[in-house]
Amino acid sequence: MADTKSIKVFYFDIDGRAEVLRLILTYAGKEFEDVRLSMDKWLEVKPTSPFGQVPVLEIDGKKKTQSIALAAFLAPEFKTTGTP
């Protein structure tokens, strides 16, 4: 992810399932846009969201979803898996 130009995390304005993604990115010192969705905005975004759900992690315009899979993708990338 060294050559990544932009990272966005889309989720509601609560901690919930996206919080682990926010924590990993913050801990790693990675700049990212934290897009907090209101219910009205969610209804606009939902048709463009993979599987019609959040959280969504957008890396250089490519959207990915499923919170546990995203955490499993990010953790080794930034050495936050808890293993030596």
Side-chain angles (χ1 to χ4, degrees):
M1 289 186 65
D3 58 343
T4 300
K5 294 178 181 90
S6 71
I7 300 173
K8 295 180 184 178
V9 175
F10 293 84
Y11 198 63
F12 304 110
D13 193 15
I14 58 173
D15 293 343
R17 295 183 176 270
E19 194 63 15
V20 71
L21 307 177
R22 295 175 184 139
L23 289 171
I24 291 170
L25 291 167
T26 300
Y27 177 81
K30 255 336 217 186
E31 287 189 30
F32 67 99
E33 185 177 343
D34 189 10
V35 182
R36 305 278 180 138
L37 303 170
S38 66
M39 193 51 70
D40 292 336
K41 185 66 176 171
W42 166 238
L43 294 175
E44 290 176 32
V45 172
K46 187 175 181 177
T48 64
S49 174
F51 306 117
Q53 53 185 231
V54 287
V56 171
L57 179 67
E58 183 180 298
I59 301 173
D60 292 339
K62 295 180 183 173
K63 294 181 178 180
K64 303 170 185 331
T65 192
Q66 297 289 318
S67 58
I68 302 300
L70 294 173
F73 168 74
L74 289 177
E77 194 69 35
F78 301 119
K79 298 177 178 49
T80 58
T81 59
T83 57

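Everything numeric in this text was worked out from a predicted model, so none of it was measured. Note: hydrogens, waters and symmetry copies are ignored here, and every other heavy atom, side chains too, is used.
Other residues, nucleotides and ligands place more than 12 heavy atoms under 6.0 Å from the NZ atom of Lys63. The environment of CG in Leu43 is crowded: more than 12 heavy-atom neighbours from other residues, nucleotides or ligands sit within 6.0 Å. The environment of CZ in Arg22 is crowded: more than 12 heavy-atom neighbours from other residues, nucleotides or ligands sit within 6.0 Å.
Ile59 is listed as a side-chain neighbour of Phe73, based on a closest heavy-atom distance under 4.5 Å. Counting only heavy atoms from C-beta outward, the side chains of Leu74 and Leu57 approach each other to under 4.5 Å.
The CD atom of Gln53 lies 8.5 Å from the OG atom of Ser67; values are rounded to the nearest 0.5 Å. Put simply, CD on Gln66 and CZ on Phe51 are 6.0 Å apart, with the number rounded to the nearest 0.5 Å. Atom CZ of Phe10 sits about 4.5 Å away from atom CD of Glu58, to the nearest 0.5 Å. Rounding to the nearest 0.5 Å places CZ of Phe78 at 5.5 Å from CG of Leu25.
Transitive grouping of hydrophobic side chains (ILVMFWY, heavy atoms separated by less than 4.5 Å) keeps Tyr11 and Leu21 in distinct clusters. Linking Ile, Leu, Val, Met, Phe, Trp and Tyr residues whenever their side-chain heavy atoms come within less than 4.5 Å leaves Leu23 and Ile68 in two separate clusters.
Here Arg36 pairs with Asp34 in a salt bridge; the nearest charged N to carboxylate O distance falls below 4.0 Å.
Between the side chain of Ser49 and the main chain of Val45, no donor-acceptor pair closer than 3.5 Å is present. Not a single donor-acceptor pair under 3.5 Å links the side chain of Thr65 to the backbone N or O of Val54. Judged by distance alone, the side chain of Asp13 and the main-chain N or O of Leu37 form no donor-acceptor pair under 3.5 Å.
Residue Val9 comes nearest to Ala18 through the heavy atom pair CG1-CB, 4.1 Å, listed as atom of the first residue, atom of the second, then distance. The shortest heavy-atom contact between Gly52 and Lys46 is O-CE, 3.5 Å. The shortest non-hydrogen separation linking Val20 to Ala71 is CG1-CB, 4.1 Å.
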